[in-house]
Amino acid sequence: MRDERYDVQRVETKWSDRWQQDPALYAAEPNSTKPKYYVLEMLPYPSGALHMGHVRNYAIGDALARYMWMNGNNVLHPMGWDSFGLPAENAAIANNTPPRVWTLRNIDNMKAQMKRLGFGYDWSREVTTCFPEYYRWNQWFFLKMYERGLAYRKKSKVNWCPKCCTVLANEQVVNGNCWRHEDTPVEQRELEQWFLRITNYADELLRDLEKLGGWPEKVRTMQRNWIGRSEGALVDFELGGTVGPAGSKITVFTTRVDTIYGATSVQLAPEHPIVADMIAKNPDLRAKVDQLIAEQRKAKEVGDIGEIEKHGVFTGRYAKNPFNQEALPIWVANYILMDYGTGAIMSVPAHDERDYEFAKKYKLPLRLVVLPLGGDTEETAMDPPLPFVAEDGLVVNSGEFSGLTSSQALKKMAEHAEKNGFGKATVTFRIKDWGVSRQRYWGTPIPMLFCEKDGIVPVPEKDLPVLLPENVEITLTGGSPLSRVPEFVNATCPKCGGPARRETDTMDTFVDSAWYFYRYTDAHNDQKPFDSATVAYWFGDRGIDQYIGGVEHAILHLIYSRFWTKVMRDLGLVKNGEPVERLFTQGMVIKEGAKMSKSLGNVVTPDEMVARYGADAARLYSLFAAPPDRDLDWQDSGIEGIQRFLGRVYRFVMRNARPGSAEWRQPVPKQLSPQARQVQRKLHQTIKRVTDDFRGRWHFNTCIAAIMELVNELYATEDNNGQSSSAIPLPLLAEVQRDLILLLAPFAPYIAHELWETLGEHGNLLRAPWPKYEPELAKEEEIEIPVQVNGKVRGRVRVPADADQALVEQRAFADEKIKAAISGKKILKKIYVPGKLLNLVVQK
RNA sequence: GCCCGGGUGGCGAAAUUGGCAGACGCACGGGACUUAAAAUCCCGAGUCCUUAACGGGACGUGCGGGUUCGAUUCCCGCCCCGGGCACCA
């Protein structure tokens, strides 16, 4: 009798070895006539080892890829390594190992882990971003952008992380701290930096979010906030007196120019350039302004700039409101930010919360210039509670604009300002150009030269790649490590042949991940980043069919990728305007309600799980324990249950497979015993549930639960000897086992392959057709209808599935419990929901 | 403060269109097998009250209201947890 215990390690290593000997197994097919499907999981940083979050991410993607293969698609399912980055340099210092060696060792280890976990990737397309074969195209794109004015150099205040010893993009600053060092405040430094003009695309990036119906609303909202489009007007206030250069003026940005007659002061950011001029003329101001700057910096560092106590100082100067020629006092205030708008505002205390608070504190006048629109009582209309900030209202006390609504006035006043040369309607964005220079070694060298004679000169395309030199001494201080490598720095100017100095900064690693998924389609092209026709095949008009990753990349990686795609489209390289059609963001893996971390000692590692329970169990549990979009609380006892379930599947098949029997491949008889019908019905209901979820909401936890129910049903047919009941004809027993294995295959490929063989199947399981759901066979013949009396269930009746109301009522009225519940009461109403329930409403 | 999620047994969760709340799994209890244990198989189980027992009853999806024959599901008001944004002018 074949009833051995499931030897997970034996079976999994057997198949793992077989799969590795067959590289074509998971490869996309060339010249395929099948529909294409591109499923992608976010590539990992090779930090050393996979964690459970990776396992969950890849288990979702791999299940989908396998489902798509089984449904006859030509699937592209690649994997790669986001392998530039600072941790490699830290490790180099700590272990005295070159970043390249450390990185490649990690890749080897993580790749072995992935293979052991059974993820089906097309390794022939593997992309490793730290290889010159890849990063030369980063450099190529950079040159293309430079040609088009999309890459430029400017001196600017930048975010500097003292731990990384490098610059951070705005996106990499979290609450004033470094995104990698959450306890390290970012410093401001003035540096010459390379920027990519993402702001050129700000409007399109915002607009196209509307097209991304396959993205989570949450991610779209985050991007919308990040882009931060705001319509308003610029208005010039001329400076009175002699401060500043002759004829100088302060330009304010406002979204509410309709309230400009209510302005009672002008407020400047402490770091506004004109403040420096004022200090020069009036040194008494310096101490106070310095204090405001300090307050602002401190608040930014702590991350509560939103709660800073408002302070300000009057400069003693006045500026002229161009609408009514009124001289307004100029103040410097700590709640005005230099990096938004123009760093200057007009203060309208009657119609702005912040201005109101400030004006109250410093006893500045309030002037009401907008009243509520009709509908309000006369009294509140004339005297609304202040500040009155409603979006629309009636403009009053505003010269020729009085009587207009706010929305009319916004337009008219902007036009008026433009006609008279002191302002215009404008749009500002919160998003800034992407600073890509990093003063680090382990990244893509920026392909630029500095020549004393010719200035900034791009490296000619034919000289790419600019190779990252080996054997570079790495320290975390003193700026770019490359600047200390003379062989690298000293170059020849391609224009004049004279000496030139090479750019020693490297690129932000988000450049690498901004376009890597295009490279997978044509990973070995040494003439171009990729062949456009090949990309067109895999991306279609709308991008990657399904992208899966963590929500932590909602703005950084995903906004850069969208930008890069639009640039490539404008370069004529791709046709799609967006990189990703459908995006899925999975939840985090936590343990005992907390993030897994070494300090909490609650880390569960994939290696440990594979060794104890096997890859199938680890994958299945990570899909079973919660719906994939929610956080998953890892419980060791939970994975034990999955292990038990896999053992049940294994033992059932080992006991009931009869591939040698003559009947094994016969068609299932039409006439079946009730018990056999029950099994057949359950099978088709299960096929429907699993298939529907793959096509729809991806609640794999309920798919797996459904498969468990099917297995429980099968166990219920077994007699005491562990033999399936003779009431189940062999052809049906064969079919239900085959389909069970097929349904399980996307989630637990190892056991599925093993048992597929046990069932006498020799073909490739990955290409076996997905089981077909037949509604007729899934149908119940008899159903139970709950009968309610006044909304409470008082009994149940069994009726044929197609019973009409009359029959249900007849059975209900014959039921003792129902009779008792309604005896002597008048029936007011009968509600019958076909196939669902009968509710009798009786007099109380 | 604003915008998204979420709140259901001892625990992870399910209920897809307003129709039997708690599928599936964990932990737990009982039984079978065993010299014994492990493994395995079977059975039980929301809470409370009641009954010798079979059974019966009430309550129950964060809280308070509402709509409805009927609400975990829809509406209004609140509380708590997680995430994002935040003097953005």
Side-chain angles (χ1 to χ4, degrees), chain A residues 3 5 175 216-222 224-226 228-230 232 252-256 259 267 269 296 299 303-310 333-337 339-348 352-355 357-358 428-430 551-552 554-555 587-588 590 593 621 624-627 629-642 644-645 647-648 651 689 692-693 696-697 699 701-709 711-712 715-716 718 720 722 784-793 795-796 817 828-833 835-842:
Chain A
D3 192 359
R5 206 161 147 181
N175 288 338
E217 190 49 51
K218 180 189 168 111
V219 173
R220 295 200 285 166
T221 306
M222 284 166 74
R224 224 172 269 133
N225 288 339
W226 187 262
R229 186 180 195 274
S230 175
V252 306
F253 173 70
T254 176
T255 55
R256 290 298 303 267
T259 64
Q267 303 281 343
Q296 205 171 57
D304 63 353
I305 185 78
E307 279 132 56
I308 191 171
E309 186 172 348
K310 292 182 181 52
N334 62 354
Y335 72 99
I336 308 300
L337 307 169
D339 54 13
Y340 183 79
T342 59
I345 65 151
M346 61 178 202
S347 173
V348 186
D352 183 282
E353 301 270 2
R354 298 151 299 180
D355 296 345
E357 189 188 331
F358 191 84
T428 57
F429 290 93
R430 205 186 87 115
V551 72
E552 64 273 19
I555 38 184
M588 283 191 311
I590 57 176
Y621 178 67
F624 176 70
D629 53 338
R630 278 211 256 162
D631 286 353
L632 183 159
D633 200 348
W634 193 275
Q635 298 184 345
D636 286 345
S637 56
I639 192 171
E640 280 170 25
I642 291 292
R644 218 167 293 163
F645 163 70
R648 272 165 80 81
R651 285 187 300 275
R689 283 178 66 181
D692 285 353
D693 253 304
R697 54 178 203 165
H699 279 195
N701 54 330
T702 60
C703 290
I704 295 163
I707 298 171
M708 287 172 169
E709 284 183 49
V711 171
N712 290 347
Y715 267 73
E718 284 195 316
N720 294 339
E784 200 178 58
I785 303 276
V787 181
Q788 298 182 335
V789 176
N790 287 344
K792 297 199 172 183
V793 179
R796 292 162 221 280
K817 286 182 199 159
L828 302 175
K829 208 169 173 184
K830 293 182 282 197
I831 290 143
Y832 179 64
V833 185
K836 293 278 190 190
L837 107 175
L838 175 67
N839 188 11
L840 303 170
V841 184
V842 303

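Keep in mind that the numbers below use all heavy atoms, side chains included, and drop hydrogens, waters and symmetry copies. A note on names: the letters A, B, ... follow the listed sequences, proteins ahead of strands, and every chain is numbered from 1. Computed from a predicted structure; not experimentally measured.
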Legend entry - Separation of B:rG25 P from A:Asp636 CG (nearest whole Å):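 Rounded to whole Å, this separation is 19 Å.
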Inset, instruction - Check the distance between B:rA89's C1' and A:Tyr335's OH and give it to me in whole angstrom. - result: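 Nearest whole value for this atom pair: 8 Å.
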Please tabulate, one pair per line, each protein N/O and nucleotide N/O from nucleotides 27-30 of chain B that are separated by under 3.5 Å, including the distance.
{"residue": "B:rA27", "atom": "OP2", "partner": "A:Arg644", "partner atom": "NH1", "Å": "3.4"}

Distance, [atom1] atom - from [M] to [N], rounded to whole angstrom:
{"N": "B:rC76", "M": "B:rC59", "atom1": "C1'", "answer": "26 Å"}
{"N": "B:rG62", "M": "B:rG9", "atom1": "C1'", "answer": "15 Å"}
{"N": "B:rC88", "M": "B:rC79", "atom1": "C1'", "answer": "31 Å"}
{"N": "B:rC80", "M": "B:rC43", "atom1": "C1'", "answer": "40 Å"}
{"N": "B:rC28", "M": "B:rC11", "atom1": "P", "answer": "15 Å"}
{"N": "B:rU17", "M": "B:rC24", "atom1": "C1'", "answer": "23 Å"}

Legend entry - Bracket string, RNA chain B, 5' to 3' - pairs by Watson-Crick or G-U geometry under 3.5 Å, | interstrand: (((((((..(((......[....))).(((((.......))))).(((((....)))))..(((((..]....))))))))))))....
Inset, instruction - Using modelled atom types only, decide if a donor and an acceptor are shared between the side chain of A:Asn839 and the backbone of A:Gly791 within a distance under 3.5 Å. - result: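 Pair found, side chain donor or acceptor close to backbone of A:Gly791.
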Could you list all N or O pairs between the protein and nucleotides 21-24 of chain B that sit under 3.5 Å apart?
{"residue": "B:rA23", "atom": "O2'", "partner": "A:Glu709", "partner atom": "OE2", "Å": "3.0"}

Inset, instruction - Using the six-membered ring wherever Trp is involved, compare the ring planes of A:Tyr335 and A:Phe358 and label them parallel, tilted or perpendicular (cut-offs 30° and 60°). - result: tilted
Inset, instruction - Identify whether the distance between the nearest side-chain nitrogen and carboxylate oxygen of A:Arg354 and A:Glu357 falls below 4.0 Å. - result: no
Legend entry - Ion pair check, A:Arg689 and A:Glu709, cut-off under 4.0 Å: yes
With the side chain of [X] defined as its heavy atoms from C-beta on, choose the nearest nucleotide among [options].
{"X": "A:Arg697", "options": "B:rC20, B:rU16, B:rC59", "value": "B:rU16"}
{"X": "A:Lys836", "options": "B:rG83, B:rC69, B:rG19", "value": "B:rG19"}
{"X": "A:Met222", "options": "B:rC20, B:rG84, B:rA89", "value": "B:rG84"}
{"X": "A:Lys829", "options": "B:rC69, B:rG12, B:rC59", "value": "B:rC69"}

Inset, instruction - Mind checking A:Ile785 for me? I need base, sugar-phosphate or nothing, with any heavy atom below 4.0 Å counting as a touch. - result: nothing
Inset, instruction - Give one of base, sugar-phosphate or nothing for A:Lys830, where a contact means two heavy atoms less than 4.0 Å apart. - result: nothing
Inset, instruction - Classify the side chain of A:Asn839 versus the base of B:rC69 as yes if they form a donor-acceptor pair under 3.5 Å and no if they do not. - result: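 For A:Asn839, whose side chain was compared with the base of B:rC69, there is a donor-acceptor pair (under 3.5 Å).
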Legend entry - A:Asp693 versus A:Thr702, side-chain donor and acceptor atoms under 3.5 Å: yes
Legend entry - Position toward the 5' end of RNA chain B (nearest nucleotide), A:Arg796 or A:Thr428: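 The residue whose closest nucleotide sits nearer the 5' end is A:Arg796.
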Legend entry - Any A:Arg648 side-chain N or O less than 4.0 Å from OP1/OP2 of B:rC42: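 True: A:Arg648 side-chain N/O within range (under 4.0 Å) of B:rC42 OP1/OP2.
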